[in-house]
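The structure under discussion appears below in the form of structure tokens.
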Amino acid sequence: MNYGLKDKVVVISGGTSGIGLATARLAVADGARVFLIGRSEENGLSALGILDADPEMVKFIQADVSTIDGCQSAAEAVNKAAGRVDILVNSAGVYREQWRELVTEDEYQEIMDINVKGTLFLCQVMLPLMTEHGSTIINIASDAGLEGNYGCPVYCASKGAVVALTRALALDYAPRIRVNCVCPGDVATPLVEKQLAAGDYTLEEMAEPYPIGRIGQPEEIAHVICSLASPFNSYMTGSIVPVDGGLTAK
Ligand code: NAD
């Protein structure tokens with residue numbers, strides 16, 4: 001696969017698992033220099049082991065993107081190591097189910113801090129490093145940011161905010177920096193494994209509403225992310241791209 005990412009500096013928040021890790025794998029295979037941002041050193045080392053790449057080409061940066069300090073320290077680490085950012089993928093996120101009547105302020109804050117504040121401030125600190133014309137940002141929202149999902153109103157609100165943020169940044173930074181957003185449906189990652197482990201529904205029940213007849217695989221989202229990041233995709237900005245097996249086509 002040639003996405004034209006050779007020697008590009010790619011920063012992926014939430015890059016140590018799921019969609020972020022699958023994106024890292026494709027970017028590394030394409031010759032990119034990749035920085036994985038995550039909170040846990042253990043997960044970071046495990047991801048580096050899975051990628052099994054030249055240590056000069058893939059590095060882990062331990063940082064919590066839900067705080068401005070965390071975003072800033074990640075940007076400083078990337079700047080020191082590479083001096084610029086060509087592609088930023090905001091994949092860090094959390095999913096929580098909770099009925100509206102039961103949501104606490106702490107739960108609200110956690111979801112918004114990671115999904116919205118983390119995305120916004122990581123963009124803010126990385127944008128000064130995006131010095132090359134054609135640099136690009138890919139935010140990961142969700143089908144839940146496009147339409148209502150049952151039982152997770154704060155998650156829906158957070159992903160709707162990521163969709164709106166993407167459009168706003170695309171306007172502010174055109175034509176120099178393209179900003180797009182991917183909206184996955186359910187994807188077989190640790191995030192979904194936790195949902196299934198809770199036992200509220202089975203994999204078959206989760207897959208039932210999907211016209212394609214199954215949930216997605218992380219690589220299927222990663223291919224779209226890398227395609228959006230590709231310099232070949234130079235006319236696309238402000239786009240919100242569902243990758244959901246037809247779920248939101250209904
Ligand atoms: P995942 O849990 O495998 O990945 C999320 C990553 O974000 C994890 O590595 C986690 O450690 C990291 N993270 C969380 N909070 C962080 C913080 N404060 N600082 C740094 N890193 C942090 O799940 P995933 O499915 O790969 O999710 C990736 C993105 O895709 C998320 O934004 C998620 O909301 C979105 N998404 C996932 C699905 C799905 O079904 N898997 C569907 C729609 C949208």
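One-based numbering, in listed order, for ligands and for the atoms of each. Residue numbers run from 1 in the order of the sequence given.
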Residues in contact with ligand 1, criterion: heavy atom under 4.0 Å: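 Within 4.0 Å of ligand 1, protein side: G14, T16, S17, G18, I19, R39, A63, D64, V65, S66, S91, A92, G93, I114, I140, A141, S142, Y155, K159, P184, G185, D186, V187, T189, P190, L191, V192.
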Is any side-chain N of the basic residue among E110 and R96 closer than 4.0 Å to the acidic one's carboxylate O?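 So E110 pairs with R96 through a salt bridge.
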Say whether D186 and Y210, considering side chains only, have a donor N or O and an acceptor N or O under 3.5 Å apart.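 There is such a pair (donor and acceptor under 3.5 Å, judged by atom type) between the side chains of D186 and Y210.
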State which residue, out of V11, I137, I37, fulfils the side chain to side chain contact (heavy atoms under 4.5 Å, CB included) condition with N90.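 Of the listed residues V11, I137, I37, the side chain to side chain contact (heavy atoms under 4.5 Å, CB included) partner of N90 is I137.
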Fit a plane to each ring of Y155 and Y95, take the angle between them on a 0 to 90° scale, and name the class: parallel (under 30°), tilted (30 to 60°) or perpendicular (over 60°).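 Plane angle over 60°, so perpendicular.
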For the atom pair NZ (K159) and CD1 (I140), what is the distance rounded to the nearest 0.5 Å?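 Atom-to-atom, K159:NZ and I140:CD1 are 8.0 Å apart.
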Name all residues meeting the side-chain contact (heavy atoms from CB on, under 4.5 Å) criterion together with E205; count only those two or more places apart in sequence or in a different chain, and write none if there are none.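 Testing E205 for side-chain contact (heavy atoms from CB on, under 4.5 Å), a comparison that skips the adjacent residues, returns Y201, T202.
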